[in-house]
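Since the structure comes first, as structure tokens, the remarks are kept for the end.
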Number of protein chains: 2
Amino acid sequence: MSEGRVEFLYQTLKARAVGFEFRPGERINEGMVAKELNASRTPLREAMNRLVAEQLVEFRSGQGFFCRALDPTSIFELYEMRMIIETAAARRACQRATTSDIAALRDQLEADGLTTAGLTIREVVTRDEAFHLGIARLVGNSEVVRHLDRINERIRFIRWVDMGRRVRTTKGEHLKIMEALEARDSERAAAVLKTHVMRRMDEIVAAVREGYSNIFMADPEELFDRLVPDGD
Amino acid sequence: MSEGRVEFLYQTLKARAVGFEFRPGERINEGMVAKELNASRTPLREAMNRLVAEQLVEFRSGQGFFCRALDPTSIFELYEMRMIIETAAARRACQRATTSDIAALRDQLEADGLTTAGLTIREVVTRDEAFHLGIARLVGNSEVVRHLDRINERIRFIRWVDMGRRVRTTKGEHLKIMEALEARDSERAAAVLKTHVMRRMDEIVAAVREGYSNIFMADPEELFDRLVPDGD
DNA sequence: GCATACAGACCTGTATACAGCCCTGCGCAC
DNA sequence: GTGCGCAGGGCTGTATACAGGTCTGTATGC
């Protein structure tokens with residue numbers, strides 16, 4: 001808060017938008033939200049406009065701000081975009097990352113533990129994103145990291161759902177990716193990443209469907225604070 | 001204007017930011033700009049916040065809005081990001097674009113004429129971007145188009161400089177790319193695109209240097225309204 | 001029962017006011 | 001001549017007020 005009220009509102013509203021605490025298509029009442037966050041509408045609208053530029057919120061002239069839609073096509077496109085950036089990043093990381101930076105990524109991966117047991121869905125996704133951003137950082141191109149981060153925000157909600165849906169083999173696949181990076185095997189790294197990241201349209205449709213049901217439940221936020229399903 | 005004052009301000013300010021009509025690092029005086037555009041500071045700041053989210057303008061709490069920096073490293077990173085997206089787009093276009101959509105892109109390319117003679121630098125870059133966005137559109141993924149567009153805005157100024165610097169073989173390379181797309185030869189399309197798009201760091205440093213000298217000249221805008229150098 | 005028109009409340013869009021901070025420029029001391 | 005401190009102006013940050021438009025809900029007619 002000391003570093004700017006708009007910044008605080010931006011972060012708070014972003015978190016809400018990312019997690020679909022505003023329901024898809026819902027009109028966002030500036031007055032109510034402003035009062036709730038102890039601010040006036042002026043800085044709130046400034047923060048909202050940033051979210052509009054990030055596609056986390058929609059704006060219709062004369063009507064105000066609305067929560068973005070949640071539809072399978074958009075999510076699918078975002079997954080593909082994510083795959084494009086990540087595979088390109090992995091290829092470049094294999095070619096130009098320093099051995100010590102790669103080693104640091106492995107350390108980070110191992111520091112997260114060998115299993116996802118005992119973690120909440122949210123925590124697992126956070127760690128997953130951190131690993132993938134770590135790969136992007138190996139490229140040494142801040143734009144790659146930034147774009148990936150922006151995309152992650154927009155699919156994070158569905159990733160929570162997805163992570164809860166099935167026992168993901170996240171950890172094992174991360175290790176495989178890590179090995180490919182250490183071997184500096186671009187093609188293998190890209191190939192493993194591709195299958196690790198990408199989802200089929202029918203999987204996405206199912207996740208979106210479940211996402212909707214979560215959104216309209218009583219306390220949807222708690223859902224993702226439960227522990228991940230046991231890995232076998 | 002009818003479709004929202006903020007939208008109008010956003011478009012106007014974006015054009016200025018893209019073309020470095022604000023000088024790099026310059027503080028943007030809200031009061032002056034607002035008066036100039038016949039608006040109050042409230043909608044102006046809303047528009048500015050969108051530009052902040054798009055990295056076209058910087059914001060420092062307590063100090064206001066500043067024009068973004070113009071430095072070779074950022075430009076280089078953006079070029080690489082552009083290359084990542086474009087090569088991935090071309091590969092996918094080869095695989096999944098319909099033959100008629102590809103034919104439509106060729107029509108667009110030929111409608112632009114067989115040479116860049118008689119066009120201003122601005123016009124050539126506009127057409128160049130349109131062709132590349134056309135490839136991105138072949139993928140059928142709106143995110144790919146959007147991200148490419150965002151990146152293009154941030155390097156457009158340097159592309160103007162670059163297009164004026166040397167007789168670019170733009171048109172010929174576009175034809176080669178087009179042929180690769182028609183042959184659905186992913187690898188060739190990606191390879192040609194890569195050399196067509198990418199710039200070496202020393203080229204970028206030179207362009208940025210020239211960019212600065214243009215920015216601090218009397219009437220920098222006219223510079224890019226001159227005709228492109230004769231192609232031999 | 002259903003569609004339509006109207007009225008009222010509500011909400012958005014923008015201007016403006018004002019408090020507080022930042023920066024500049026001047027003066028003073030060294 | 002140079003560095004530091006202080007005061008003033010100017011700019012930013014936010015709240016608030018108000019005008020205009022949008023939506024809702026009701027009442028009326030078919």
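Because the structure is predicted, anything quoted here is derived from the model rather than measured. So that the names make sense, note that chain A is the first sequence line, chain B the second, and so on, each numbered from 1.
Among pairs with a residue in residues 78-93 of chain A, those fulfilling salt bridge (charged side-chain N to carboxylate O under 4.0 Å, His left out) read Glu80(A)-Arg92(B), Glu80(A)-Arg96(B), Arg82(A)-Glu86(A), Arg82(A)-Asp128(A), Arg91(A)-Glu187(A), Arg92(A)-Glu80(B), at least two apart in sequence or across chains.
Atom CZ in Phe66(B) sits roughly 7 Å away from atom P in dC23(C) (whole-Å rounding). Per the geometry, CD belonging to Glu7(A) stands 18 Å off P belonging to dT12(D), to the nearest Å.
Listed by chain and number, the residues in a side-chain hydrogen bond (donor to acceptor under 3.5 Å, both in side chains) with Arg209(A) amount to none (sequence neighbours excluded). Under the side-chain hydrogen bond (donor to acceptor under 3.5 Å, both in side chains) criterion, Ser74(A) pairs with Asp71(A), not counting sequence neighbours. Qualifying salt bridge (charged side-chain N to carboxylate O under 4.0 Å, His left out) partners for Glu26(B), counting only residues two or more places apart in sequence or in other chains: none. Not a single salt bridge (charged side-chain N to carboxylate O under 4.0 Å, His left out) links Arg23(B) to another residue, sequence neighbours left out.
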Treating primed atoms plus P, OP1 and OP2 as sugar-phosphate and everything else as base, which nucleotides of nucleotides 10-17 of chain C get B, S or - for protein heavy atoms under 4.0 Å?
-SBBBBB-
